[in-house]
Amino acid sequence: MATGSLFVIQNKQFSPKRPKIESLGSVSCLYTVNDLPPVHNLQKLLTELSKIERSLRAEALQVAWLAHLENRNAATAINTWRRRERRHVKRMKTNFT
């Protein structure tokens with residue numbers, strides 16, 4: 001697991017064996033360290049992921065990893081994707097009602 005060790009090098013306070021639990025309001029999210037891409041600002045990424053519906057979080061993680069591989073900010077990419085999805089759903093609802 002090279003990604004897990006890379007994550008530990010950049011964020012020394014987290015261990016790849018322990019999950020990171022983020023609790024915001026009434027929504028608590030459980031992410032293992034190996035699920036998240038290596039980032040400089042982990043709190044910003046977790047905040048953006050907490051705004052995503054549970055059914056879409058797997059897609060949001062894919063967006064985060066793709067942004068990481070493209071050397072872009074993962075949190076910003078998730079935010080952009082979330083807004084694009086929201087506009088798409090709104091457009092689809094107005095077309096069928």
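- Of all heavy-atom pairs between A64 and A74, the closest is O-CB, 3.8 Å.
- At a threshold of 4.5 Å between non-hydrogen side-chain atoms, the residues R86 and R82 count as touching.
- Partners of K44 under the salt bridge (Lys or Arg N to Asp or Glu O under 4.0 Å) rule, at least two apart in sequence or in another chain, do not exist in this structure.
- Under the 4.5 Å side-chain criterion, counting only non-hydrogen atoms from C-beta, N73 is not in contact with V39.
- Contact of the H88 side chain with the R84 side chain is not registered, since no non-hydrogen atoms from C-beta on lie closer than 4.5 Å.
- Among all heavy-atom pairs drawn from S50 and R57, the shortest one is O-NH2, 3.6 Å.
- Between T80 and V63 the shortest side-chain heavy-atom distance does not fall below 4.5 Å.
- Here the OG1-CD distance, from T76 to E48, works out to 7.5 Å after rounding to the nearest 0.5 Å.
- L56 and L45 fall within the same hydrophobic cluster, where Ile, Leu, Val, Met, Phe, Trp and Tyr residues are linked whenever their side-chain heavy atoms come under 4.5 Å apart, directly or through other members.
- When side chains are defined from C-beta on, K93 does not count as touching K90, because their heavy atoms never get closer than 4.5 Å.
- Between L49 and L61, the closest side-chain pair of non-hydrogen atoms falls below 4.5 Å.
- The shortest side-chain heavy-atom distance between W81 and I52 falls under the 4.5 Å cut-off.
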